[in-house]
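Atoms within each ligand, like the ligands themselves, are counted from 1 in listed order.
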Amino acid sequence: MSETVRRNATLDDAIAEARARYVAANPASLARHVESLAVMPGGNTRTVLHVDPFPLAMAAGEGGVLRDADGHAYLDFLGEYTAGLFGHANPVIRAAIDRALDGGISLGAANLVEARFARAVCDRFGLERVRFTNSGTEANLMALATACAVTGRRGVLAFRGGYHGGLLAFGAASPTNAPYDVVLAPYNDLDATQAAIAAEAGRLAAIILEPMQGGGGCIPAEPAFLAGLRDAADAAGALLILDEVMTSRLAPGGLQSVLGVRPDLTTLGKYVGGGMSFGAFGGGAAVMDRFDPRRPDAFAHAGTFNNNVLTMSAGLAGLTEVFTPEACAALGARGEALRARLNDRARAHGAQMQFTGIGSMMTVHFAAGPIRRVEDVAGADPRLKELFFFDLLASGIWLARRGMMNLSLPTDDAACAALEAAVEEFLCSHAAFLQ
Ligand code: PLP
């Protein structure tokens, strides 16, 4: 028996070998991590980026390629968890930022770009009014606060596997979640959700969900489920909030525009700010105009950087000049075709492995059968995602540790072919663990 076969006799052995290869290849990333341990808890300021034994440190990005501290190049299939849609150093966005810098960035006043950007966002996503924040988390906190203030209630219905920000994470119990009265229901299960709503009668301020759970594993909502939630929210007197922080990229008018559901409030974030810090919440005038400061009873919404000219300028250029409806459709088609090819390969190997998602967003799952909610993949062995992550890194593919991949505008045919080849190699090398 060869060394390799013996070492890979078990899944744990395969992971140990992959980790050892990773450690040996990345001394500069390790050194940076060790230095950071003294001043950042676990060397980390963004939990999702932690990797055991240490995360790679990226030094730079250009187009669709990242380069790490040790000089390795990676095809960027993470796309900054969807915020990096434009790729690195997009010239149109860069020019917009340069112009903004030339004009001074901390004006402490209404500026000449914010209303133009607001117009572009409203037109694109079917909103009557919008307000800007600095992150998707803040956008969702504001949307929930709005629902509570409008209804005079405190209850929030969310879904298991949902992610709405650092303070609103429903994948696992999080002691740092914001103190809302949250009830969790199973995604894509209208009967169970209706029962949960009935149990909360008179207490629900909002129902909040992603039209495709992103962090939860690229699990799309079924149209009938969304339509049922719309009716249920109306019957309960609660606001329906659609978190399109990730999914707004999946159709020119956001995923809601193709799923045929109109929420009371929509939240946005990620790429919509052109790669700068960004969030937004918006909807119909009747609800949003409660923030009109000319009203004696106006709701307050502050934020030093809400209208910062870097985000306003980059976002406006990104939405109107780069990620046009045509570019959005083309990227979605590229992603759909790639995901179909990856699933074909998994099927050809008879592997318990599939890629779920829509358009430019996808996640690998090591499970057979339909995946309609996170409970459907609860039995999958998490070590396979670990192995997939390290193996794809070794093939020069940058992705999320949880197996999420997002296309960005620079993702071309060659990059897609490289990802396909890396997945094929994974399927061949680890067939024994995938049955
Ligand atoms: N909502 C969804 C669906 C997200 O995926 C995220 C981030 O991943 C957020 C909200 C939070 O956005 P941010 O990280 O900008 O606070």
Fill in: Sub-4.0 Å atoms of ligand 1 with respect to non-hydrogen atoms of Met246
5 (O), 8 (O)

Discussion item. Under 4.0 Å from a heavy atom of Gly136: which atoms of ligand 1 are those, numbered in the order shown and with their elements?
Written reply: 11 (C), 12 (O), 13 (P), 15 (O), 16 (O)

Worksheet item: Salt bridge check: are Arg334 and Asp413 linked by an N-O gap of less than 4.0 Å?
Response: yes

Worksheet entry | Residue portion contacting ligand 1 (non-hydrogen atoms closer than 4.0 Å) for Asp243 | side chain

Discussion item. Check this for me: does any side-chain nitrogen of one of Arg46 and Glu80 sit under 4.0 Å from a carboxylate oxygen of the other?
Written reply: yes

Practice prompt. May I ask you to identify the nearest protein heavy atom to atom 8 (O) of ligand 1, giving residue, atom name and distance to one decimal place in Å?
Written response: Lys270 NZ, 2.7 Å

Worksheet entry | Atom indices of ligand 1, in the order listed, that fall short of 4.0 Å to a heavy atom of Ser135 | 15 (O), 16 (O)

Worksheet item: Is there a heavy atom of Gln213 sitting under 4.0 angstrom from any atom of ligand 1?
Response: no

Worksheet entry | Asp181 with Arg203: basic N within carboxylate O range, under 4.0 Å | no

Worksheet item: Between Tyr271 and Phe86, what is the ring plane arrangement, given parallel below 30°, perpendicular above 60°, and tilted in between?
Response: tilted

Discussion item. Under a 4.0 Å threshold between the charged nitrogen and the carboxylate oxygen, would Arg347 count as salt-bridged to Asp344?
Written reply: yes

Practice prompt. Using a 4.0 Å heavy-atom threshold (strictly under), name the region of Glu138 that reaches ligand 1: side chain, backbone, both or neither.
Written response: neither

Discussion item. For atom 4 (C) of ligand 1, what is the closest protein heavy atom, and at what distance to 0.1 Å?
Written reply: Tyr163 CD2, 3.7 Å

Practice prompt. Name all residues meeting the salt bridge (charged side-chain N to carboxylate O under 4.0 Å, His left out) criterion together with Arg401; count only those two or more places apart in sequence or in a different chain, and write none if there are none.
Written response: Glu386

Item to complete: For the residue pair Phe366 and Asp381, establish whether any side-chain heavy-atom pair is separated by less than 4.5 Å.
Response: no

Worksheet entry | With Ser36 via side-chain contact (heavy atoms from CB on, under 4.5 Å) - residues at least two apart | Arg32, His33, Met40

Worksheet entry | Donor-acceptor side-chain pairing of His164 and Asp243 below 3.5 angstrom | yes

Worksheet item: Does Tyr81 have a heavy atom less than 4.0 Å from any atom of ligand 1?
Response: no

Discussion item. Heavy-atom pairs closer than 4.0 Å: do any link ligand 1 to the side chain of Asn140, the backbone, both, or neither?
Written reply: side chain

Practice prompt. Starting from atom 16 (O) of ligand 1, find the nearest protein heavy-atom neighbour and note its residue, name and distance.
Written response: Thr137 OG1, 2.5 Å

Discussion item. Give the atom numbers and elements of ligand 1 that come within less than 4.0 Å of a heavy atom of Val245.
Written reply: 1 (N), 2 (C), 4 (C), 6 (C), 9 (C), 10 (C)

Worksheet entry | Structural part of Glu210 in contact with ligand 1, heavy atom criterion under 4.0 angstrom | side chain

